[in-house]
Amino acid sequence: TKNTSVAFYDSAMIDMVLIFAMGISGIHFGLIYATVTGKRNNIFRSEVTLFYLGMLILGSLLIALSLYIADIYPTFWSSLRFASFQFVSVTSTSGFATADSNLWTPFAIILLILGSLICACAGSTSGGMKANRALMALKMLYIRVKQQQHPNAVIRLKMDGVIQEAGVLHTVSLFIVAYLLLILIGTILCTLFGVDLMTSFSGCVASIGNVGPGFGGVNSMANYGDLPAIVKFIFTALMLLGRLEIFGLLQFLLIRWWK
């Protein structure tokens, strides 16, 4: 383990191997097993997996283009190498780094934060909000727009051909609201104790998603060591809430009221 993470090795081959490994680790393990064993329900038929992989490809290309235009790296391919590694790393919540993304363009930083919010698929090693919920939220938004145009239409939301019940949609909506609300509360509390806004916000996003690197004082080439102790406790609470899917931890803490 090195302080400069994978950047210490400065190897394009190592980067490519890790990009593949990190990307695969963000796919539902059950789907990977089904694909290997030749089952019909595999990664090539999964809407969520295709959404996740499409997000990785599009995000990497856009960040690379931004870095190349800003002349941060001499060629587009070198920009793509560093952009894809950083984006796949935060999205899969692997925590590795090959560059100081704190020095990248605002556009690249926004996309990296978006990847840190959504992250990878349910049933994988990833933390975060999960691509499943993000895709379902986008479908709910689309259906709502369609219902505005056709008020009497009955439109059912499907995921991989399966109709989703209203209770599932309600739970997803509630989780997303709670997730973003915790980030907001955490950011406010961190700024209260003297931490700058970028460090507070990106630190909360990285903590609740168990992503690792953020921006500002917790960028990919830094760490959380210089933060006030109370802020470390806030980030610790967010890590527990995020990794245990928020309501799982709350249910455990409220066990005395189960009866």
Side-chain angles (χ1 to χ4, degrees), residues 23 26-28 30-31 34-35 40-66 69 83 87-88 90-93 105-124 126-188 201-202 204-205 208-209 211 241-242 245-248 250:
I27 299 175
H28 192 296
L31 286 175
T35 304
R40 180 176 175 81
N41 182 28
N42 54 52
I43 60 175
F44 303 106
R45 294 178 176 271
S46 168
E47 287 183 76
V48 176
T49 303
L50 295 177
F51 171 78
Y52 163 67
L53 295 177
M55 180 177 68
L56 292 185
I57 294 171
L58 181 61
S60 299
L61 288 173
L62 289 175
I63 293 174
L65 185 61
S66 173
I69 292 174
F87 190 68
V88 174
V90 298
T91 305
S92 63
T93 68
T105 63
F107 178 77
I109 290 174
I110 288 174
L111 288 184
L112 287 170
I113 291 176
L114 182 61
S116 301
L117 278 169
I118 297 175
C119 297
C121 309
S124 70
S126 166
M129 189 186 300
K130 301 292 193 303
N132 306 59
R133 295 188 180 97
L135 179 58
M136 198 171 292
L138 289 175
K139 287 194 171 191
M140 284 191 283
L141 181 62
Y142 172 76
I143 287 175
R144 181 57 189 164
V145 172
K146 293 290 289 184
Q147 287 180 328
Q148 286 290 109
Q149 298 173 322
H150 308 283
N152 297 323
V154 178
I155 307 174
R156 305 299 299 272
L157 191 152
K158 293 183 179 181
M159 291 281 285
D160 293 328
V162 179
I163 295 176
Q164 303 298 308
E165 300 297 330
V168 175
L169 304 183
H170 175 74
T171 302
V172 168
S173 301
L174 190 60
F175 181 89
I176 292 174
V177 170
Y179 194 91
L180 297 177
L181 185 60
L182 285 170
I183 292 174
L184 175 62
I185 294 172
T187 302
I188 293 172
F201 174 68
S202 65
C204 287
V205 171
I208 195 170
V211 173
L241 283 164
E245 300 279 306
I246 300 176
F247 300 109
L250 293 180

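Here the structure is a predicted model, which is why all the values come from computation and not from measurement.
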Reported CD1-to-CZ distance for the pair Ile113 and Phe201, which is rounded to 0.5 angstrom:
5.5 Å

Compile the donor-acceptor pairs under 3.5 Å between side chains in residues 144-153 and protein atoms, sequence neighbours left out, one pair per line.
| from | atom 1 | to | atom 2 | distance (Å) |
| --- | --- | --- | --- | --- |
| Arg144 | NH2 | Gln148 | OE1 | 3.0 |

Are there more than 12 heavy atoms of other residues, nucleotides or ligands under 6.0 Å from atom OH of Tyr142?
no

Atom of Thr93, atom of Cys119 and distance for their closest heavy-atom approach
CG2-SG, 3.6 Å

Which residues share a side-chain contact (heavy atoms from CB on, under 4.5 Å) with Leu141, sequence neighbours left out:
none

All heavy atoms of Phe87 vs all of Gly115, minimum pair found to be CE1-CA, 4.0 Å

Residues two or more places apart in sequence or in another chain: which of them pass side-chain contact (heavy atoms from CB on, under 4.5 Å) with Leu169?
Met136, Met140, Leu157, Gln164

Listed by chain and number, what are the side-chain contact (heavy atoms from CB on, under 4.5 Å) partners of Leu241, not counting sequence neighbours?
Leu182, Leu249, Leu250

Which pairs with one or both residues in residues 161-176 pass salt bridge (charged side-chain N to carboxylate O under 4.0 Å, His left out), sequence neighbours excluded?
Arg156-Glu165

Tell me every residue that passes side-chain hydrogen bond (donor to acceptor under 3.5 Å, both in side chains) with Thr91, counting only those two or more places apart in sequence or in another chain.
none

Would you give me the side-chain donor-acceptor pairs under 3.5 Å for residues 126-135, sequence neighbours excluded?
| from | atom 1 | to | atom 2 | distance (Å) |
| --- | --- | --- | --- | --- |
| Ser126 | OG | Ala120 | N | 3.2 |
| Lys130 | NZ | Ser126 | O | 3.4 |
| Lys130 | NZ | Glu245 | OE2 | 3.3 |
| Asn132 | OD1 | Ala122 | N | 2.8 |
| Arg133 | NH1 | Met129 | O | 2.9 |
| Arg133 | NH1 | Glu245 | OE1 | 3.3 |
| Arg133 | NH2 | Glu245 | OE1 | 2.5 |

Residues passing the salt bridge (Lys or Arg N to Asp or Glu O under 4.0 Å) test with Arg40, sequence neighbours excluded, are none

Ring pair (Phe, Tyr, Trp, His ring centres under 6.0 Å) partners of Phe175, counting only residues at least two apart:
Tyr179

Nearest 0.5 Å, please: how far is CG in Leu180 from SG in Cys204?
12.0 Å

If you look only at distance, which donor and acceptor atoms sit under 3.5 Å apart when one is on a side chain in residues 47-66 and the other is two or more places apart or in another chain?
| from | atom 1 | to | atom 2 | distance (Å) |
| --- | --- | --- | --- | --- |
| Glu47 | OE1 | Lys139 | NZ | 2.5 |
| Glu47 | OE2 | Lys139 | NZ | 3.4 |
| Glu47 | OE2 | Asp160 | N | 2.5 |
| Thr49 | OG1 | Ser46 | OG | 3.1 |
| Tyr52 | OH | Gly23 | O | 2.9 |
| Ser60 | OG | Leu56 | O | 2.7 |
| Ser66 | OG | Thr105 | OG1 | 2.5 |

Check side-chain hydrogen bond (donor to acceptor under 3.5 Å, both in side chains) between Thr35 and all other residues, then give those that pass, not counting sequence neighbours.
none

Going from CD1 on Ile185 to CD1 on Ile208, what distance comes out if it is rounded to the nearest 0.5 angstrom?
9.5 Å

What's the shortest heavy-atom distance between Ser116 and Val211, and which atoms?
O-CG2, 3.7 Å

